[in-house]
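Please read the structure below before turning to the comments.
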Amino acid sequence: GEVGGDGVVEILDNERYEETLNVQVAVDGRIELRARNERRPSLVLTGEMTVAGGANSEFALNGLLVSGEKLKVVAAGGNQLRYLRLTHTTLVPGRTLTPGGAPVQVNEPSLVLETADTEIRIERSIVGGLRTHSGATLLLTDSIVDATHIDGVASAGLDGISPGASLSMQGCTSIGKIHASVMPLISDSLLLATLATGDSWDIPIRAEQKQTGCVRFSWLPLDSRVPRRYRCQPNETTPQVAPRLLSLRYGTAIYCWLSGLTSDLIRRGAEDDGEMGVYHHLHASQRETN
């Protein structure tokens with residue numbers, strides 16, 4: 001289907017919709033595709049969802065479960081889309097699940113951004129791998145980026161190797177390798193990544209510009225090349241500290257939950273003495289203390 005111009009499209013039920021969507025936002029316009037409050041419709045893409053817009057335009061997804069294909073912001077046709085926002089939305093990691101719950105396309109991204117001047121905001125959402133232009137901006141809050149396995153590519157450039165967009169994360173969990181052009185701020189987050197056997201990457205987490213930005217109150221591999229670290233784990237005095245997660249499989253009830261056996265350096269290692277990672281905003285450790 002075609003969605004164009006400016007306005008809000010609200011889905012009123014919990015039904016399953018099979019579509020191939022092409023979105024064209026007007027100049028200075030905003031299109032929001034959203035679920036009605038207390039509804040959770042499922043959008044099964046039969047072809048990739050393409051998004052384009054005029055100058056200073058915005059496209060938003062709110063409250064949807066999206067599977068089947070990827071969301072793509074194309075560079076062709078003079079696309080000037082300024083903002084892409086995902087809120088309370090899931091772009092299924094692996095795009096589709098088998099009847100047993102395993103991801104079908106384990107190495108395929110769920111979001112591709114080809115334009116340089118677009119800002120993506122992802123809030124309280126779950127997404128698969130990200131492939132972005134190095135001139136773009138990624139801002140993630142209380143979200144999960146899941147490449148479906150920790151030696152996959154969670155966020156990188158369009159080729160899956162070169163540096164991708166500027167990356168900021170607040171209270172997030174990422175599963176997979178990351179190569180960003182710059183990391184202005186990574187805070188209260190878990191960056192789970194490792195190299196595969198014979199990997200073409202030399203390190204699992206990397207920022208091209210190390211002079212700009214800060215990584216704070218987070219866990220990331222000790223050999224990561226990132227801006228200055230502040231109260232991160234592990235460090236030289238605690239090299240063995242690592243998170244223990246109950247499940248890394250999307251769709252399970254314990255997805256990305258920290259085990260109670262995880263070190264307090266992680267379970268109470270965030271800025272407010274809460275846990276690092278995507279469930280930081282639930283304040284579990286503070287509730288436990290109280």
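Keep in mind that this is a model prediction, so the values were computed, not measured.
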Worksheet item: So S187 and R216, side chain to side chain donor-acceptor pair (under 3.5 Å) or not? Walk me through it.
Response: CA-CA 5 Å; S187 182; R216 58 200 292 273; 3.0 Å; yes
Practice prompt. Report the C-alpha separation of L258 and L245 in whole Å, then their side-chain angles, then the decisive distance to 0.1 Å, and conclude whether the side-chain contact (heavy atoms from CB on, under 4.5 Å) test is met.
Written response: CA-CA 5 Å; L258 280 175; L245 274 70; 3.7 Å; yes
Worksheet entry | Lys/Arg-Asp/Glu bridge criterion (N-O < 4.0 Å) met for R206, D223 | no
Worksheet entry | side-chain contact (heavy atoms from CB on, under 4.5 Å) between L167 and I178, worked out | CA-CA 9 Å; L167 176 64; I178 294 175; 3.7 Å; yes
Worksheet entry | T262 (side chain) donor-acceptor with P243 (main chain) under 3.5 angstrom | no
Worksheet item: Without hydrogens or angle criteria, can the side chains of T46 and E19 be said to hold a donor-acceptor pair below 3.5 Å?
Response: no
Worksheet item: In this structure, which one of L84, V51, V73, V74 forms a side-chain contact (heavy atoms from CB on, under 4.5 Å) with T115?
Response: V73
Discussion item. If the threshold is 4.0 Å, N to carboxylate O, is there a salt bridge linking R231 and E271?
Written reply: no
Item to complete: Indicate yes or no for a side-chain donor-acceptor contact from S166 to the backbone of T137 under 3.5 Å, with no hydrogens or angles considered.
Response: no
Practice prompt. Give a yes or no on whether the backbone of Y250 and the side-chain of T252 come within a donor-acceptor separation of less than 3.5 Å.
Written response: no
Practice prompt. Check whether any side-chain heavy atom of V278 lies under 4.5 Å from a side-chain heavy atom of C172, and answer yes or no.
Written response: no
Fill in: side-chain contact (heavy atoms from CB on, under 4.5 Å) between V112 and L71, worked out
CA-CA 6 Å; V112 175; L71 170 61; over 6 Å; no
Practice prompt. Decide side-chain contact (heavy atoms from CB on, under 4.5 Å) for W201 and D151; before the verdict, give the C-alpha distance in whole Å, the side-chain angles of both, and the deciding distance to 0.1 Å.
Written response: CA-CA 10 Å; W201 291 48; D151 57 6; over 6 Å; no
Fill in: Residues, nucleotides or ligands: over 12 heavy atoms within 6.0 Å of R40 CZ
yes
Practice prompt. Please examine the side chains of V182 and P184, heavy atoms only from C-beta on, and report whether any two atoms are closer than 4.5 Å.
Written response: yes
Fill in: Identified side-chain contact (heavy atoms from CB on, under 4.5 Å) partner of H283 from the options D273, D272, N290, T289
D272
Worksheet item: Any Lys/Arg nitrogen of R95 or E108 sitting under 4.0 Å from an Asp/Glu carboxylate oxygen of the other?
Response: yes
Item to complete: Mark yes or no for whether T50, through its side chain, and N22, through its backbone, hold a donor-acceptor pair below 3.5 Å.
Response: no
Worksheet item: So, S125 side chain and I122 main chain: donor-acceptor pair closer than 3.5 Å or not?
Response: no
Discussion item. When you compare the side chain of D6 with that of V25, does any pair of heavy atoms fall below 4.5 Å?
Written reply: no
Item to complete: Please examine the side chains of R82 and E119, heavy atoms only from C-beta on, and report whether any two atoms are closer than 4.5 Å.
Response: yes
Fill in: R30 bridged to E32 by N-O distance under 4.0 Å
yes
Discussion item. Within the 4.5 Å heavy-atom criterion, are L282 and E275 side-chain neighbours or not?
Written reply: no
Worksheet item: Under 3.5 Å, is there a donor-acceptor pair between the side chain of S247 and the main chain of Y255?
Response: no
Item to complete: Decide side chain to side chain donor-acceptor pair (under 3.5 Å) for Q170 and D188; before the verdict, give the C-alpha distance in whole Å, the side-chain angles of both, and the deciding distance to 0.1 Å.
Response: CA-CA 6 Å; Q170 173 68 49; D188 300 336; 3.1 Å; yes
Fill in: Backbone of L265 reached by a side-chain donor or acceptor of S263 within 3.5 Å
yes
Worksheet entry | Side-chain donor-acceptor pair present, S134, S181, cut-off under 3.5 Å | no
Worksheet item: Less than 4.5 Å apart, any side-chain heavy atom of I186 and any of V226?
Response: no
Worksheet item: Do E208 and H179 have side-chain atoms, one donor and one acceptor, less than 3.5 Å apart?
Response: yes
Discussion item. Given 3.5 Å as the limit, does a donor-acceptor pair link the side chain of S42 with the main chain of R16, or not?
Written reply: no
Worksheet item: Taking 4.0 angstrom as the limit, do E48 and K70 come out as a salt bridge?
Response: yes
Worksheet entry | Test item: V145 and I175 side chains (from C-beta on) under 4.5 Å apart, heavy atoms | no
Worksheet item: Is there a donor-acceptor contact under 3.5 Å from the side chain of S143 to the main chain of T141?
Response: yes
Worksheet entry | Salt-bridge present (R85, E58; N to O < 4.0 Å) | yes
Practice prompt. Measure the shortest side-chain to side-chain distance between F59 and Q24 over non-hydrogen atoms and say whether it is less than 4.5 angstrom.
Written response: no
Worksheet item: Is the shortest distance from a Lys or Arg side-chain nitrogen in D142 or R124 to a carboxylate oxygen in the other one below 4.0 Å?
Response: yes
Worksheet item: Does a side-chain N-to-carboxylate-O contact under 4.0 Å join R268 and E288?
Response: yes
Response to the item:
When L192, D199, I150 are each screened for side-chain contact (heavy atoms from CB on, under 4.5 Å) with K177, the one that passes is D199
